[in-house]
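See structure below.
Hydrogens, waters and symmetry mates play no part in the numbers below; they use all other heavy atoms, side chains included. The chains referred to below are lettered A, B, ... by the order of the sequence lines, with proteins before strands, and numbering in each begins at 1.
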Amino acid sequence: MRNFSEIEKKWQSYWQEHHCFQAVTGDKSKTPYYILVEFPYPSGAGLHVGHVRSYTAQDVLARVKRMQGYNVLFPMGWDAFGAPAEQYAIKNHIHPKDAVKENIHTFKGQMQSLGFSFDWDREFSTTDPEYYKWTQWQFLQFYKHGMAYKAKKDVNWCPTCKSVLSNEDAAGGVCERCGSKVVQKEKEQWMLRMSDYAEDLLKGLDDTHFADRVKLGQINWIGKSTGAEVDFTVQETGDKLTVYTTRCDTLFGVTFMVLAPEHPVLEKLSSLITNMDEVKKYQEFAKSKSAFERTEVNKDKTGVKLEGITVINPITEKAVEVFISDYVMMGYGTGAIMAVPAHDERDYEFAKKFNIPIVQVIEGGDLSKGAYTGDGKMINSGFLNGFTNKKDSIARMLEYLKEKGLGREKVNYRLQDWIFSRQRFWGEPIPMIYCEKCGWQPMKEEELPLLLPDVAEYEPTDTGESPLAKITDWVNTICPCCGGPAKRETDTMPNWAGSSWYFLRFMDAHNDKEFASMDAMKYWQKVNWYNGGMEHTARHLLYARFWVQFLYNIGLVPNKEMIDVRVSHGMVLGPDNQKMSKSKGNVINPDDIVKEYGADTLRTYEMFMGDYQQDAPWSTESLRGCKRFLDKVERLAQKVNDKAGYSDSLVVIQNKTIKAVTDDLARMSYNTYISALMILANAYDDLESITKEDYRLLLILLNPVAPHMTEELNEQLGYDSICYASWPTYDETCLVEKEKEIAVQVNGKVRATIMISVDDNEDVIKEKALNAENVKRHTDGKDIVKVIVIKGKIVNIVVK
RNA sequence: GCCUGCGUGGCGGAAUUGGUAGACGCGCUGGACUCAAAAUCCAGUGUUAGCGAUAACGUGUCGGUUCGAGUCCGACCGCAGGCACCA
């Protein structure tokens, strides 16, 4: 297309003026189909070629589905709260609101220049008060149903900047801004009881069609494990101390116990612990470490023995020593473990360091080299002696524990409650009020939204509180309960909040009575197809599913899972096969490509570059190849004759292409979709002339990926816009070629090819195969043992 | 360490249920058109040997199943991503 930028603008306006992509909620004449792509974070850097890849893939799907007669909902919006916008604003001395407005403008312009068929009538930003009103409203529902609570939690704290850091900003245990060592500081934070939903989130996966790798990501994150709780007794006081283990079969091998440094029982027992100073010092030491350091693997085990305390192993009734160590986490299980150094690597390391005895209870391995974690015959294990495998031993031990009341079966999840507070300005204010007299009180729902104040200062405070804390006018309010003086919560919600339900809002984006009406949600039902980045498949998806399941349980959404298919796209890497980054200087800007080659070329290339779910490097040379292909399609217009119907010689390849392309698109094989069209275009090019209908078929099949030029060429043929066309269907009977070349093998090696016709029976094919010149050379003088004929595919002759 | 994905020409990648490995595109080589260039078109292009027909080898490595393996099974090596002291 010589004037591609003009043509692209022309059709972009045409689509807008004719509302071609508007989804009408409630249209009963069509089947609804909801296609979603992750709404972007509108950063200052503008749209990335990676965005273009997933948006194009979904746009292709949306355009095909429309032609197939579906009522397609394909919306777009903005996920604009969060730290990057705040930091960008601080750095550039502008209000985050203005920064976001600017960035959205840029992003939207870029998207429109690429011709994506979004329904812009449903556009919103998570930062719009009309939207975050409902995010706040939903938080109140969590609170009212006992799902939100305040708890003391450690946060990453930079003592130099006096600021709370996200895990990303504290990566490597060092403050990103000033380079100081990050420590842990306790802060009261709002929490959502997501761990209550662990089992439902796991089971719910059965009702979805997520890609396997996505499902696995969810399963790993939830981290279900089945084991047992076993009660040990403190010898000196008789207090119960419970551990969690998945290996209760090794109870006879327990030689010590380890508690997390924060374990609450330490305070209770402090009068008995004779080296409490040392214990306190270790607790401080553990706390001074960042989450990063603490979870760093392969580091030396550290810890302190609790002098004056021993616990009784309920099975052996022997006393063992107790230690504290930071390799035991308070957040998982009971914060206490029974240590079996013979059969656990971490316990083994610890035992070696502190000279604790090691008792082998399973045969196998070489304990001078490390713990044996495999299966085997039980030894030194009382009533378990003679058991030959883990499974039976665990079952027997559990039975025994239950019988004697010493323990019980227990399921644990790694999934923890969701820390919902951020000490930031640029987020949804949490609509809670603290009154000295009445405690925490929710705001009245009718007073929502609680707007972010419009102020000049939003830099972080020295105390680690949100910048909102400085705005006394805003903070001071009255208690909704008693009417006395009270203060607002100054923390804001995390970035994940607004993105946990935005797909529901798209179903009914302008509703000012509800976050979305039940009628609208019942009409659209679910997101049929959701694409996004691999980096969001674990957390964003889990948060969104949790949010939806909660809304379902209180009767506000029609389905427990509101997303059916989830697929994650691969990254677009730089030409050097590295992740694109400014510092590497390998960033490709989509605007430059659109300007020089046109949107259709960029779209086609990004679909052609490789497997959609796999990373692929950028190549401007290959991009030019796609431009050449589109130019060739344009030149074919000169070959159009005035004959009616389709050319006879093209019927087979046309039907084959329709089938191939339709199947390819259904399985997201965009690169082979393009290649099939290249083959078709080459077949057209081989002919002297083609008919109008031949040509139009190619244009329609190509339209989803190259919508502008195909619309233009289609118009030149005198047809109505492809927006009103139907997706072509194929005729099974036209797929079979009358004549076909197949290979003939001798002992598995191809020796010749023969032409067969549809009417040939097996004997005829056999004869043709055996008579082929080169086949005879390889069979002469040999015994033919067997001739295998796979009809329409291959002949294999076995000789001796 | 665990989980997941991937290893195919000079390059990006095809091969949907085992059936002509390398579709399609890029690049490269030669040719046509042109005063010349660009664009376009034609031919060739896995490696080795041969003028050629053809032959041998060839999908990370080793082994297996099969008339037939890139595809299935077993062991291993390498790369990428995710989780990570989870008891």
Hey, is [X] close enough to [Y] for a salt bridge, meaning N to O under 4.0 Å?
| X | Y | value |
| --- | --- | --- |
| A:Asp760 | A:Lys768 | yes |
| A:Arg667 | A:Asp664 | yes |
| A:Glu606 | A:Arg53 | no |
| A:Asp631 | A:Arg635 | no |

Q: Scan A:Asp685, A:Ile658, A:Val633, A:Ile653 and name whichever one has a side-chain contact (heavy atoms from CB on, under 4.5 Å) with A:Leu680.
A: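 For A:Leu680, the side-chain contact (heavy atoms from CB on, under 4.5 Å) check succeeds only for A:Ile653.
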Are OP1 or OP2 of [N] and a side-chain N or O of [X] less than 4.0 angstrom apart?
| X | N | value |
| --- | --- | --- |
| A:Asn577 | B:rC11 | no |
| A:Arg628 | B:rG27 | yes |
| A:Arg213 | B:rG81 | no |
| A:Tyr332 | B:rA87 | yes |
| A:Lys749 | B:rC57 | yes |
| A:Arg751 | B:rA55 | yes |
| A:His778 | B:rA55 | yes |

Determine the interatomic distance between [atom1] on [N] and the same-named atom on [M]; round to the nearest Å.
| N | M | atom1 | result |
| --- | --- | --- | --- |
| B:rG7 | B:rG60 | C1' | 6 Å |
| B:rA39 | B:rA32 | C1' | 14 Å |
| B:rC76 | B:rA87 | P | 24 Å |
| B:rC67 | B:rC83 | C1' | 46 Å |
| B:rA15 | B:rG46 | C1' | 16 Å |
| B:rG18 | B:rA56 | C1' | 25 Å |
| B:rC72 | B:rU16 | P | 11 Å |
| B:rU17 | B:rC6 | P | 13 Å |

Checking all strands, does [X] fall into the base, sugar-phosphate, or nothing category for heavy-atom contacts under 4.0 angstrom?
| X | answer |
| --- | --- |
| A:Asp611 | sugar-phosphate |
| A:Asp615 | sugar-phosphate |
| A:Ser619 | nothing |
| A:Asn412 | nothing |
| A:Ile790 | base |
| A:Asp347 | nothing |
| A:Gln745 | base |
| A:Arg635 | sugar-phosphate |
| A:Asn796 | base |
| A:Gly625 | sugar-phosphate |
| A:Gln613 | nothing |

Q: Sequence neighbours left out, what passes salt bridge (charged side-chain N to carboxylate O under 4.0 Å, His left out) with A:Arg566? Give chain and number order.
A: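 Salt bridge (charged side-chain N to carboxylate O under 4.0 Å, His left out) list for A:Arg566, sorted by chain: A:Glu38.
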Q. What form does the base of B:rG78 take, syn (within 90° of 0) or anti?
A.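 Anti conformation for B:rG78.
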Length of the [atom1]-[atom2] vector between [X] and [N], whole Å:
| X | N | atom1 | atom2 | result |
| --- | --- | --- | --- | --- |
| A:Met571 | B:rG5 | CE | P | 17 Å |
| A:Leu216 | B:rG82 | CG | C1' | 11 Å |
| A:Met607 | B:rG12 | CE | C1' | 14 Å |
| A:Asp686 | B:rC41 | CG | C1' | 12 Å |
| A:Gln614 | B:rG13 | CD | C1' | 11 Å |

Q: Would you sketch RNA chain B in dot-bracket for me? Only Watson-Crick or G-U wobble pairs with both distances under 3.5 Å count, crossing pairs as [ ], other-strand pairs as |, the rest as dots.
A: (((((((..(((......[....)))((((((.......))))))((((....))))..(((((..]....))))))))))))....
Q.
Taking the nucleotide of RNA chain B with the nearest heavy atom to each, does A:Ile679 or A:Gly331 sit closer to the 5' end?
A.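 It is A:Ile679, whose closest nucleotide lies nearer the 5' terminus.
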**Q.** 5' precedence on RNA chain B between A:Ile788 and A:Tyr413 (nearest-nucleotide basis)
**A.**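 By nearest-heavy-atom nucleotide position, the 5'-most residue is A:Ile788.
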Q.
Check this for me: A:Lys153, atom NZ, are more than 12 non-hydrogen atoms of other residues, nucleotides or ligands nearer than 6.0 Å?
A.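 For A:Lys153, atom NZ is not crowded (no more than 12 foreign heavy atoms under 6.0 Å).
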**Q.** Closest to the A:Lys786 side chain, choosing from B:rC67, B:rA87, B:rU20
**A.**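 The listed nucleotide nearest to A:Lys786's side chain is B:rC67.
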Using 30° and 60° as the class limits, which term best fits the ring planes of [X] and [Y]: parallel, tilted or perpendicular?
| X | Y | answer |
| --- | --- | --- |
| A:Tyr670 | A:Tyr612 | perpendicular |
| A:Trp418 | A:Tyr543 | parallel |
| A:Phe354 | A:Phe350 | parallel |

Q: Report the distance from atom NZ of A:Lys791 to atom CD of A:Glu762, rounding to the nearest 0.5 Å.
A: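 Reported to 0.5 Å precision, the distance equals 8.0 Å.
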Q: Please report the shortest heavy-atom distance between A:Ala198 and A:Ile222, naming the atom on each side.
A: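 Between these two residues, the closest heavy atoms are O-CG2, 3.8 Å.
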Q | Positions of residues 658-677 of chain A (non-hydrogen atom under 4.0 Å from RNA chain B), listed by number | A |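 Correct list: A:Arg667, A:Asn671, A:Thr672, A:Ser675.
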